[in-house]
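Below is one structure, written out as structure tokens; the observations come after it.
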Protein chains: 2
Amino acid sequence: MDRKNLGDTAPRLPIGVLSRRTGCNIETIRYYEKVGLLPAPARSDGGHRLYGHGHFMRLGFVRRARELGFTLDEIRALLQLAEDRDRPCAEAREVAVVHLEDVRTKIADLQAMEAVLAETVVRCADGQTPECPLLETLFGSFDPSAGK
Amino acid sequence: MDRKNLGDTAPRLPIGVLSRRTGCNIETIRYYEKVGLLPAPARSDGGHRLYGHGHFMRLGFVRRARELGFTLDEIRALLQLAEDRDRPCAEAREVAVVHLEDVRTKIADLQAMEAVLAETVVRCADGQTPECPLLETLFGSFDPSAGK
DNA sequence: ATAGGATCTGTAGTGGCTACAGATACAAGA
DNA sequence: TCTTGTATCTGTAGCCACTACAGATCCTAT
């Protein structure tokens with residue numbers, strides 16, 4: 001877990017290489033540096049960013065965490081735990097549990113939407129309905145409690 | 001479907017009443033007016049907005065559509081169809097079908113995340129693992145293809 | 001008349017990017 | 001060495017759908 005030493009002896013590479021290897025947009029990399037998620041890298045004499053192995057590892061972490069839907073603040077916390085703690089697993093797990101519940105809530109919300117939409121689309125398609133079921137639904141025509 | 005006549009004879013009510021009856025934040029109502037989703041209402045002599053029945057109907061539509069996840073532009077299009085077309089159902093249905101596919105994609109993405117997260121959380125919890133499975137996953141330790 | 005709540009306009013911010021524009025650096029080929 | 005094309009820089013602004021003030025004015029009940 002010795003991942004905080006970014007100053008290793010591997011060759012340092014420009015941002016375009018980091019971008020292509022990690023699948024992360026150049027502008028996003030600069031954004032992550034701006035918001036403190038990535039440390040500022042060394043620079044060439046001309047001012048170009050030069051990234052070492054540690055940056056590749058760290059950005060890989062960030063991207064995988066983003067793909068799992070963690071917010072940048074959650075990722076920040078996870079990286080901090082990885083750096084500072086001998087046994088970070090309990091705390092890291094807590095971050096993941098909270099996020100997992102959020103993901104499950106979002107799934108449930110979307111599934112509720114999907115159910116209404118799917119039903120409405122079917123009713124729009126059957127061609128037997130004199131008015132448009134979707135628009136009637138949205139205008140609240142089928143809900144007697146609408147209006148107060 | 002005669003919903004474009006907002007100048008009816010019912011009493012006109014201030015924004016706070018519209019907000020409470022529709023569950024839509026006052027500032028959101030003003031935002032919707034700014035972006036053209038709601039027409040500008042009549043005003044009192046002192047400049048306060050006064051909303052009639054048509055606005056209540058229209059904002060109800062917008063809120064229900066938002067709850068179903070439609071974007072503001074999709075809602076704009078649906079309202080236009082409702083106003084302009086004798087038979088808007090085919091086009092409205094097309095808007096809903098595109099949106100339904102988007103919702104299903106989001107559900108699938110979230111379910112993929114949920115699967116990875118749930119597995120990782122379980123492995124973090126079992127206490128048999130020497131290192132933290134979540135952090136190892138994010139650092140890419142269990143993926144031999146990581147690095148290029 | 002007064003006071004408290006409602007409302008106004010304008011501005012800025014949220015999260016996570018993304019897209020320029022104008023200027024400079026870098027590398028390859030002639 | 002020079003030229004040219006590509007890569008990179010910084011700064012600014014925008015996207016989407018809101019949300020939150022701040023200072024000023026309006027409105028209504030006492």
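Just so it is clear: chains get the letters A, B, ... in the order the sequence lines come, proteins before strands, and each one is counted from 1.
Taking atom CZ on B:Phe70 and atom C1' on D:dA17, their separation rounds to 16 Å, with Å as the unit. Between A:Ile29 atom CD1 and C:dG16 atom C1' there is a gap of 15 Å when expressed in whole angstrom units. Rounded to whole Å, atom C1' of D:dC15 lies 15 Å from atom CG of A:Asn25. One atom, CZ of B:Arg20, and another, P of C:dG5, lie 14 Å apart when rounded to the nearest Å. Between the C1' atom of C:dT14 and the OH atom of B:Tyr31 lies a distance of 13 Å, rounded to the nearest Å. Rounded to whole Å, atom C1' of D:dT8 lies 13 Å from atom CG of A:Leu18. Between the CD atom of A:Glu33 and the C1' atom of C:dG16 there is a distance of 17 Å, given to the nearest Å. Here the P atom of nucleotide D:dC27 and the CZ atom of B:Arg49 are 13 Å apart, to the nearest Å.
Nearest to the side chain of B:Arg30, among D:dA17, D:dT8, C:dT7, sits C:dT7. Residue B:Ile15 places its side chain closer to C:dC8 than to any other of D:dC9, D:dA17, C:dC8. Of the listed nucleotides (D:dA7, D:dA17, D:dA20), D:dA20 has the atom at the smallest distance from the side chain of B:Glu27. In the set D:dA20, D:dA17, C:dT18, the nucleotide with an atom closest to the side chain of B:Leu72 is D:dA17.
We find the CD-CD1 distance between B:Gln80 and B:Ile75 to be 14.0 Å, quoted to the nearest 0.5 Å.
A:Asp73 comes within contact range of no nucleotide atom at all, as no heavy-atom separation falls under 4.0 Å. Residue contacts for A:Tyr32: at a heavy-atom cut-off of 4.0 Å it reaches the sugar-phosphate backbone alone, with no base atom in range.
The side-chain heavy atoms of A:Arg21 and A:Leu59, taken from C-beta on, include no pair separated by under 4.5 Å. Residues A:Pro39 and A:His55 form a side-chain contact, since some pair of their non-hydrogen atoms from C-beta on lies under 4.5 Å apart.
The phosphate of C:dT18 (OP1 or OP2) has a side-chain N or O of A:Thr28 nearer than 4.0 angstrom.
Listed for the B:Arg66 side chain is a donor-acceptor partner under 3.5 Å among the backbone atoms of B:Phe70.
Mapping B:Arg43 and A:Ser44 onto DNA chain C by nearest heavy atom places B:Arg43 at the nucleotide closer to the 5' end. Comparing B:Ile26 and A:His48 against DNA chain C, the residue whose closest nucleotide sits nearer the 5' end is B:Ile26.
B:Glu83 has a carboxylate O that lies under 4.0 Å from a charged side-chain N of B:Arg58, or vice versa, which qualifies the two as a salt bridge.
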